[in-house]
Amino acid sequence: AVYSSGRSQCLSKARLYSYFSCRFYAKRRYREIAFRITQIKKSDIRSAPWRRTYVSETEGRSKMKKIAFYGKGGIGKSTTVSNVAAALARLGYRVFQIGCDPKSDSTILHNGGERIETVLDVMRRGGGQSEKEFVKEGSDGVFLVEAGGPVPGTGCAGRGIIAAFEKLDSLSVYEKYRPDFVLYDVLGDVVCGGFAMPIRNGYADELYVVTSGEMMSLYAADNIVRAVKNQGRLGYARVKGLILNKKNVEKEDETVAKAAQEMETQVAFVFPRDKIVQEAEASRKTVVEAFPESEMARLYLRFAEKIADE
């Protein structure tokens, strides 16, 4: 009995010693790791393969900013995105515009009105080994990509966007070109998994919704904003606000301002209705390229400066 009691006390002391010893070494190991983290250079973090943000090679520029533009079909979203892209390029930034619409006409104003071959078209013909097969440079210096869609009547357009984004990732397109801005032009009538791809998984940092004062346009905008806010988790884009592309409907400014308040966001910028936009499109160019001294071109440049400074 004495032996058994003594043995139990020894085991208890051994366990106690082991417990405090483990705590001591765990704390010391924690301090070592914390010290090593403080010694890691920012450049090492930026170049890490798991990080989705990259630093521009141009001295003095910040990391790549990725912005998604959504909106109901026919609202003037592609025209707005194309002019903003052209304005950013004019300010000296390297810009990518990625069309995420099966119609594949997002980038035509940078390319003399002609469509470029889409990522999915390239993949369907067995290509896609090089990004140069589908990344084109426009006449105004904007780099162009069209995700494309399935053959009409077959497949899912949303799934096509996912496949295109996966191809951009696999070819490390952003790492090779190191753009300052990536603008996603996305159809906003439906926000299914594929069309929501640009605002998920770190692809876009910010999101703007292009709208007018028309009811269906605001209804689509509300769906998009709610889709983002309902997720509200790490990796989703932040809603920066509505872009009012005016149609000159009655009390348009007041209607959109009230809708923005109900969506708990803001009206980030207002573009008036101007026939010079249609004139530029008739010449198959952006307003910024066709009429650089016009008031509309100055507005696009002002908005470009706004998103560059934020």
Side-chain angles (χ1 to χ4, degrees), residues 49 52 54 64 66-75 77-82 85-86 94-179 181-204 207 224 227 235 237 281 284 286:
R52 275 195 179 276
Y54 308 98
M64 176 175 64
K66 299 158 290 184
I67 307 172
F69 292 82
Y70 279 74
K72 182 183 179 299
I75 198 61
K77 169 180 49 62
S78 294
T79 299
T80 301
V81 176
S82 295
R94 177 173 287 191
V95 186
F96 261 63
Q97 181 174 330
I98 301 182
C100 303
D101 189 320
K103 298 194 304 296
S104 308
D105 59 354
S106 169
T107 59
I108 59 174
L109 293 180
H110 303 290
N111 196 45
E114 299 296 323
R115 284 180 168 86
I116 64 173
E117 192 171 19
T118 71
V119 178
L120 291 186
D121 285 342
V122 170
M123 293 171 66
R124 272 193 287 266
R125 62 172 171 77
Q129 286 71 41
S130 169
E131 78 284 349
K132 292 181 180 176
E133 295 179 77
F134 54 79
V135 177
K136 306 298 179 184
E137 186 173 358
S139 59
D140 49 8
V142 177
F143 290 92
L144 318 174
V145 177
E146 290 282 359
V151 175
T154 66
C156 168
R159 177 59 199 164
I161 292 173
I162 293 172
F165 275 48
E166 288 173 349
K167 175 58 70 174
L168 290 170
D169 276 347
S170 67
L171 294 176
S172 304
V173 172
Y174 297 151
E175 294 93 322
K176 292 176 183 176
Y177 286 82
R178 297 200 179 268
F181 289 92
V182 178
L183 307 185
Y184 300 101
D185 177 8
V186 195
L187 179 67
D189 296 87
V190 181
V191 192
C192 69
F195 288 106
M197 190 72 169
I199 58 175
R200 295 188 296 152
N201 304 326
Y203 281 105
L207 178 146
I224 296 161
E281 289 182 345
R284 301 181 178 182
T286 62

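Since we're looking at a predicted model, the values are computed, not measured. For reference, positions follow the sequence shown, starting with 1.
With rounding to the nearest 0.5 angstrom, the CG atom of Leu144 is 10.0 Å from the CD1 atom of Ile98. Atom CG of Asp185 is separated from atom CG of Asp105 by 8.0 Å, given to the nearest 0.5 angstrom. The line from CD of Glu166 to CG of Leu168 is 10.5 Å long, rounded to the nearest 0.5 Å. To the nearest 0.5 Å, the span separating CD1 on Ile162 from SG on Cys100 amounts to 11.0 Å. The line from CZ of Phe69 to OG of Ser82 is 10.5 Å long, rounded to the nearest 0.5 Å. If you take CD1 on Ile161 and CG on Leu120, they are separated by 9.0 Å, rounding to the nearest 0.5 Å.
Counting heavy atoms from C-beta outward, Leu183 and Val142 have side chains that stay 4.5 Å or more apart. At least one side-chain heavy atom of Leu207 sits less than 4.5 Å from a side-chain heavy atom of Ile224. Taking 4.5 Å as the limit, every side-chain heavy atom of Asn111 sits out of range of all side-chain heavy atoms of Lys136. Between Tyr203 and Lys66, the closest side-chain pair of non-hydrogen atoms is not below 4.5 Å.
Defined by atom type and a distance below 3.5 Å, a donor-acceptor pair is missing between the side-chain atoms of Ser106 and Asp101.
Applying the ring-ring contact (aromatic ring centres under 6.0 Å, His included) test to pairs two or more places apart or on separate chains, none has a residue in residues 98-123. Listed by first and then second residue, the ring-ring contact (aromatic ring centres under 6.0 Å, His included) pairs that reach into residues 114-148 are Phe96-Phe143, Phe143-Tyr177, sequence neighbours excluded.
Residues Val173 and Val135 approach most closely at CG1-CG2, 4.3 Å, considering heavy atoms. Smallest separation of non-hydrogen atoms from Lys77 and Val186: CE-O, 3.1 Å. Scanning both residues, Ala85 and Gln97, for their nearest heavy atoms gives CB-OE1, 3.5 Å.
Partners of Glu131 under the salt bridge (charged side-chain N to carboxylate O under 4.0 Å, His left out) rule, at least two apart in sequence or in another chain, are Lys176. For Ser104, the side-chain contact (heavy atoms from CB on, under 4.5 Å) test picks out Thr118, Glu146, with sequence neighbours left out. Take Arg284 and apply the side-chain hydrogen bond (donor to acceptor under 3.5 Å, both in side chains) test, not counting sequence neighbours, and it matches no residue. Under the side-chain hydrogen bond (donor to acceptor under 3.5 Å, both in side chains) criterion, Glu133 pairs with Arg125, sequence neighbours left out. Under the side-chain hydrogen bond (donor to acceptor under 3.5 Å, both in side chains) criterion, Lys72 pairs with no residue, sequence neighbours left out. Considering only residues two or more places apart in sequence or on other chains, Asp121 meets the salt bridge (charged side-chain N to carboxylate O under 4.0 Å, His left out) condition with Arg124. Every side-chain hydrogen bond (donor to acceptor under 3.5 Å, both in side chains) that Ser139 has, sequence neighbours left out, goes to Glu289.
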